[in-house]
Amino acid sequence: MPNAIGRRAVVIGAGMGGLTAARAVADHFEQVLVLDQDTLPDNPADRHGVPQGRHVHALLAGGQQALAELFPKFEDALVRAGAVRLRVGLDIRVDRPGFDPFPQRDLGFDAFAMSRPLVELTVRRCVQEHASIDLRHGCRVQALVHRPDGAAVTGVRYTDAAGRAETADADLVIDASGRGTPTLDVLGALGRTPPAETTIGVDLGYASAVFEIPNDAPNDWKGAFCLPGAGRASRGSLMLPLEGHRWIATVGGRHGDLPPGDEAGFIEYAKALRTQTIYNAIKHAKRLGDIARFRFNESVLRHYQRLENFPRGVLPLGDAICRFNPIYGQGMSVASMEAAALGRLLARRARERDPLAELAPEYFAEVERIVDTPWAAAAIPDFVHPETRGERPPDFEQTLKFGGALGLLAARDPAVHRLTAEVQHLLKPRSVYRDPDLVQRVMAAMREPKVARAEEGKRS
Ligand SMILES: Cc1cc2nc3c(=O)[nH]c(=O)nc-3n(C[C@H](O)[C@H](O)[C@H](O)COP(=O)(O)OP(=O)(O)OC[C@H]3O[C@@H](n4cnc5c(N)ncnc54)[C@H](O)[C@@H]3O)c2cc1C
């Protein structure tokens with residue numbers, strides 16, 4: 001390998017972050033060892049290490065783009081596996097306060113809907129085509145190994161599928177363990193300061209059920225999104241198509257208004273959503289399998305970019321850095337975008353004398369840039385709810401009003417609608433909203449009575 005940066009990279013976790021990271025580093029290391037604690041199925045089945053996989057998992061167009069950069073055959077493979085192509089703006093009915101429904105129009109790009117196990121299996125198969133990537137099941141990483149002076153991580157200690165204690169040396173370890181904490185643990189073991197965290201306490205409860213799509217399903221949408229309002233209307237729901245002519249409907253509420261896990265309770269809960277779109281679609285549909293539930297207490301963003309002297313040889317990625325409120329379907333896409341950015345960064349640094357020196361600050365700066373838009377997109381609506389815990393952004397009230405007026409313009413103007421969808425799908429950063437012409441139009445809309453009334457409604 002002429003441009004090899006090192007002999008071996010180890011990736012902890014074979015979720016979306018770990019799989020994409022493995023591909024991203026594979027061009028720069030002679031061998032990539034991926035270790036996952038789970039037995040990874042060779043069909044699209046749920047697994048223990050990814051309990052969230054039983055709930056709706058939207059793949060945003062920004063994530064799709066990152067996956068296509070890493071795996072040129074990914075989109076074809078996904079479609080062949082049965083994923084449903086969605087025309088963004090047209091195929092999902094969106095009921096949001098003030099617009100029930102929001103205008104449906106073709107915004108010129110696609111996204112795909114499928115189960116979380118299917119998207120992960122498709123990526124896993126793409127990864128398995130790379131001879132230099134060794135994907136090992138049933139291997140639980142116990143700790144990172146570091147140099148005696150603490151300046152660098154040099155590998156991992158793990159237990160293999162037979163229960164044997166093993167050590168793997170590595171020039172670079174990627175921590176894609178999701179809710180795991182190996183990076184935080186090694187910082188603790190080295191007596192270093194952990195990264196500062198921003199948390200937003202949302203106390204969400206999710207319940208999800210899968211249905212056979214009935215013959216009389218509406219033909220003007222393939223999926224539906226009921227966005228919550230505040231107060232009594234704080235329940236929301238997203239229903240998307242899945243492979244195999246099915247729908248997955250996830251309903252959720254906050255701060256104690258949790259959905260029940262029995263069928264009658266689930267349907268009653270859906271009936272009390274702000275609009276009846278999803279309830280009407282599923283009330284007579286045939287349910288398949290169990291109802292799954294999930295509690296998500298807080299979003300967490302770890303500010304690794306603020307740490308000085310981060311040890312060499314280790315980088316966290318995906319949920320190990322930032323766990324988003326899942327309502328906006330961003331986590332898999334952000335993890336894939338971080339992996340793609342890491343691949344580009346390694347390619348740029350490969351010609352330097354010591355490519356791994358100073359890799360961490362550059363990588364964390366990229367991550368900060370990637371996370372900025374999705375974090376803000378979720379945080380602003382979270383703070384509409386008075387029970388939400390955490391520090392409100394300083395410009396919260398103004399940003400909220402700006403968002404309301406931007407929504408009004410998007411409903412009227414297809415070009416603005418497309419722009420907001422591109423930001424929502426992580427194809428563009430939220431800084432595009434600072435365009436002076438757009439700002440002027442939004443300010444004018446903010447003075448309209450409809451926006452003022454909508455703001456009042458959100459707080460009632
Ligand atoms: C209810 C819910 C709904 C969601 N909906 C969406 C959505 O619609 N769209 C979206 O993009 N995102 C969604 N997300 C977020 C998404 O699931 C995550 O952001 C994404 O899976 C992050 O990928 P990851 O690889 O960082 O972590 P994970 O996917 O959690 O993978 C971590 C992996 O590490 C393994 N592991 C952990 N510890 C160890 C260890 N010590 N040794 C070895 N292996 C280990 C685990 O087995 C697992 O395979 C949702 C999340 C939740 C909770």
Side-chain angles (χ1 to χ4, degrees), residues 10-22 33-41 46-64 66-67 111-117 119-120 123-124 135-144 156-161 166 168 173-185 202 204-208 223 225 238-240 248 250-252 259 292-300 316-339 367 371 374 378 425-426:
V10 168
V11 179
I12 309 172
M16 289 299 285
L19 292 170
T20 50
L33 178 61
V34 184
L35 303 171
D36 201 287
Q37 61 192 2
D38 274 2
T39 301
L40 304 170
D46 298 314
R47 62 187 179 90
H48 182 76
V50 184
Q52 72 269 32
R54 299 188 64 194
H55 301 270
V56 72
H57 263 68
L59 180 59
L60 302 178
Q64 182 79 25
L67 284 159
F112 292 87
M114 67 271 118
S115 65
R116 158 70 195 237
V119 68
E120 195 181 287
V123 177
R124 197 155 65 236
L135 183 54
R136 292 199 198 155
H137 307 216
C139 294
R140 179 167 176 76
V141 171
Q142 306 295 347
L144 303 184
V156 300
R157 268 192 294 110
Y158 67 99
T159 318
D160 74 7
E166 298 279 357
V173 176
I174 307 288
D175 168 11
S177 65
R179 284 161 302 141
T181 53
T183 306
L184 296 180
D185 295 346
V202 289
L204 275 183
Y206 261 38
S208 297
F225 195 7
L238 175 60
M239 184 166 84
L240 290 180
I248 180 166
T250 292
V251 295
R293 289 202 287 174
F294 198 95
R295 293 287 293 272
F296 183 93
N297 292 334
E298 58 182 22
S299 311
V300 180
L317 184 141
D319 277 19
I321 298 180
C322 182
R323 243 178 310 128
F324 297 94
N325 176 339
I327 288 184
Y328 298 93
Q330 300 160 327
M332 296 192 300
S333 293
V334 168
S336 308
M337 290 164 75
E338 289 169 354
V367 170
V371 165
H425 277 264
L426 309 181

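Whatever order the structure lists them in is the order used to number ligands and atoms, beginning at 1. These values consider heavy atoms only, across backbone and side chains, with no hydrogens, waters or symmetry-generated copies. What you see is a predicted model, and the numbers here were worked out from it, not measured in a lab.
With atom 27 (O) of ligand 1 as the reference point, the heavy atom nearest to it among Ala292, Gly178, Ser177 is part of Gly178. Counting only non-hydrogen atoms, the option in Ala335, Gly49, Pro326, Ala176 that gets closest to atom 32 (C) of ligand 1 is Ala176.
The nearest protein atom to atom 17 (O) of ligand 1, hydrogens excluded, is given as His57 NE2, 2.8 Å; this is a heavy-atom distance. Given atom 35 (C) of ligand 1, the protein heavy atom at minimum distance is Asp36 OD2, 3.3 Å. Ranking the protein heavy atoms by distance from atom 9 (N) of ligand 1 puts Ala58 O, 2.8 Å first.
Using a 4.0 Å cutoff on heavy atoms, Arg116 counts as a contact of ligand 1.
Heavy-atom proximity to Asp319, at under 4.0 Å, picks out these atoms of ligand 1: 18 (C), 19 (O), 20 (C), 22 (C), 26 (O).
The shortest non-hydrogen separation linking Arg293 to Pro259 is NH1-O, 3.2 Å. Nearest heavy atoms, Ala339 versus Ala21: CB-N, 3.6 Å. Closest non-hydrogen pair, Thr20 versus Ala335, comes out as OG1-O, 4.0 Å. Closest non-hydrogen pair, Asp38 versus Val50, comes out as OD2-N, 4.3 Å.
Taking the charged nitrogens against the carboxylate oxygens, Asp36 and Arg47 do have a contact shorter than 4.0 Å, which makes a salt bridge.
Neither the backbone nor the side chain of Leu59 has a heavy atom within less than 4.0 Å of ligand 1.
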